[in-house]
Asks: 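Here it is, the structure in full.
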Amino acid sequence: MTLILGARCTDGVVIVGDTKITSTIGTVLRYEPKLAGVLRNVIFGYAGSVIMYKVFERYIIGDLMILRDSSDKYTADNLVNKIAEAMCVIKEARSNQYFDLRVMIGRQFPRDGKSDLHVVNSQGRINHISNWKAIGKGESSANPIVERRWTEDTSMKEFALLSYCIIRCAEQERPEESVGGEPKIRYQKDGADLDTEPSEDEIKEFQESINFFKA
């Protein structure tokens, strides 16, 4: 289980994810990022089965290689639809048995394009996110907090700070739960060539803000 938060902000898209990996019975197995830059200018964040995400990721990479010289190749225009199709193929391979996986997709468009945000579930359904979204076990706790603090002029850094504090406080207050670890953050600034991570100074600022957030 996990908590991934993403938002379409005034200056771009930001995705923040916890790093705590637990077993089905709640045992902490390890800490690792749940955000991945598998494709250029695309960030994935996932909630649900780690194993099924690995299957999904490898399918996407393999499909990219197979179709790279085809007229049916992945493009900026068809990427989200192809990811939805991939989910349906994986489900068919499992004899249409349900599996727990949602993938948040942040796309960045260099040369003055506006980054965008979607969530695709294991049924192949696409949800375009025009403001913000939380996915994972911790979303029910995170949603009311973000709802109270979200405004239409929220910047990427402001949302990253809020999300960082939500994840760290969740772990401090409920260490037995499956959300926690040092959050990972990726900024996809509008029109920029590549995504970036917060600077060391920003991370320090986020860490120092936790006590103010809890007050």
Side-chain angles (χ1 to χ4, degrees), residues 1-9 11-37 43-50 52-54 57 100-106 115 117-119 121 127 129 131-151 154-189 195-215:
M1 298 296 184
T2 192
L3 178 57
I4 305 292
L5 300 108
R8 169 59 244 186
C9 301
D11 49 349
V13 162
V14 57
I15 302 180
V16 184
D18 82 311
T19 54
K20 193 176 186 179
I21 303 292
T22 61
S23 68
T24 54
I25 61 173
T27 304
V28 178
L29 301 177
R30 60 190 180 278
Y31 292 88
E32 67 179 35
K34 298 172 187 175
L35 307 184
I43 298 297
F44 290 151
Y46 75 91
S49 169
V50 177
M52 290 311 300
Y53 175 73
K54 297 299 183 186
E57 189 178 71
D100 179 28
L101 182 64
R102 282 182 288 170
V103 177
M104 184 174 287
I105 308 159
S115 303
L117 189 66
H118 296 80
V119 172
N121 70 12
N127 183 14
I129 311 302
N131 44 29
W132 62 272
K133 180 70 175 177
I135 60 174
K137 186 174 182 180
E139 66 182 274
S140 60
S141 298
N143 284 341
I145 299 172
V146 180
E147 285 172 359
R148 288 196 303 269
R149 298 174 181 245
W150 172 264
T151 65
T154 299
S155 69
M156 291 189 295
K157 181 180 176 181
E158 289 168 338
F159 190 83
L161 169 60
L162 174 60
S163 301
Y164 184 98
C165 290
I166 288 173
I167 291 171
R168 293 313 303 267
C169 289
E171 182 176 39
Q172 291 174 11
E173 295 170 4
R174 297 181 297 278
E176 75 284 357
E177 296 289 341
S178 57
V179 173
E182 181 66 17
K184 294 299 180 183
I185 302 167
R186 303 290 279 270
Y187 296 130
Q188 294 179 296
K189 184 176 176 60
D195 63 275
T196 60
E197 296 181 342
S199 65
E200 291 184 5
D201 287 342
E202 279 183 297
I203 294 297
K204 184 178 179 181
E205 179 185 342
F206 293 173
Q207 291 169 341
E208 291 174 347
S209 298
I210 293 174
N211 289 333
F212 293 100
F213 176 80
K214 292 165 64 176

Asks: Okay, side chain of Asp18, backbone of Ile167: is any donor-acceptor separation there less than 3.5 Å?
Replies: no

Asks: Could you tell me whether the side chain of Leu162 reaches within less than 4.5 Å of the side chain of Phe213, counting heavy atoms only?
Replies: yes

Asks: Is any side-chain heavy atom of Thr154 less than 4.5 Å from a side-chain heavy atom of Asn131?
Replies: no

Asks: If you round to the nearest 0.5 Å, how far is CZ of Arg102 from OG1 of Thr2?
Replies: 10.5 Å

Asks: How far apart are the C-alpha atoms of Ser49 and Leu101, what are their side-chain angles, what is the distance that settles it, and do they pass the side chain to side chain contact (heavy atoms under 4.5 Å, CB included) test?
Replies: CA-CA 6 Å; Ser49 169; Leu101 182 64; 5.6 Å; no

Asks: Nearest 0.5 Å, please: how far is CD in Glu158 from CH2 in Trp150?
Replies: 9.5 Å

Asks: When you compare the side chain of Ile210 with that of Gln172, does any pair of heavy atoms fall below 4.5 Å?
Replies: yes

Asks: Residues in side chain to side chain contact (heavy atoms under 4.5 Å, CB included) with Lys133, at least two apart?
Replies: Met104, Val119, Asn127, Ile129, Ile135

Asks: With rounding to the nearest 0.5 Å, note down the distance linking OG in Ser163 to CD1 in Ile185.
Replies: 7.5 Å

Asks: Of all the heavy-atom pairs spanning Pro144 and Ser140, show the shortest one and how long it is.
Replies: CD-O, 3.2 Å

Asks: Report the residues that fulfil side-chain hydrogen bond (donor to acceptor under 3.5 Å, both in side chains) with Lys189, sequence neighbours left out, ordered by chain and then residue number.
Replies: none

Asks: Which pair of non-hydrogen atoms, one from Gly37 and one from Ile43, has the smallest distance, and what is that distance?
Replies: CA-CD1, 3.9 Å

Asks: Between Leu35 and Ile4, is any pair of side-chain heavy atoms under 4.5 Å apart?
Replies: yes

Asks: Assess the residue pair Ile166 and Arg149 against the criterion (side chain to side chain contact (heavy atoms under 4.5 Å, CB included)); give the C-alpha distance rounded to whole Å, side-chain angles, the decisive distance to 0.1 Å, and a yes or no.
Replies: CA-CA 12 Å; Ile166 288 173; Arg149 298 174 181 245; over 6 Å; no

Asks: Can you tell me which residue among Lys184, Glu32, Lys34 is in a side-chain contact (heavy atoms from CB on, under 4.5 Å) with Thr19?
Replies: Lys184

Asks: So which atom in Gly106 and which in Gln188 form the shortest heavy-atom distance, rounded to 0.1 Å?
Replies: O-NE2, 2.9 Å

Asks: Of Val16, Ile203, Leu161, which is the lone residue that meets side-chain contact (heavy atoms from CB on, under 4.5 Å) with Pro198?
Replies: Ile203

Asks: Ignoring hydrogens and geometry, is there a side-chain-to-backbone donor-acceptor pair from Glu171 to Arg168 under 3.5 Å?
Replies: no

Asks: Hey, does Phe44 have a side-chain heavy atom less than 4.5 Å from the side chain of Ile105?
Replies: yes

Asks: Which heavy atom in Ala134 sits nearest to a heavy atom in Leu5, and how many Å separate them?
Replies: CB-CD2, 4.0 Å

Asks: Check whether any side-chain heavy atom of Phe159 lies under 4.5 Å from a side-chain heavy atom of Arg8, and answer yes or no.
Replies: no

Asks: Quick check: closest heavy atoms across Val14 and Cys9, and the distance to 0.1 Å?
Replies: CG1-SG, 3.9 Å

Asks: What is the distance from atom CD of Gln207 to atom SG of Cys165, rounded to the nearest 0.5 Å?
Replies: 10.0 Å

Asks: Report the residues that fulfil side-chain hydrogen bond (donor to acceptor under 3.5 Å, both in side chains) with Ser199, sequence neighbours left out, ordered by chain and then residue number.
Replies: none

Asks: Is Glu147 close to Trp132 at the side-chain level, that is, under 4.5 Å between some pair of heavy atoms?
Replies: yes

Asks: Just verifying a value: how many Å separate Ile15 CD1 and Tyr187 OH, rounded to the nearest 0.5 Å?
Replies: 13.0 Å

Asks: Look up atom CZ in Phe206 and atom OH in Tyr164, then write down how far apart they are to the nearest 0.5 Å.
Replies: 8.5 Å

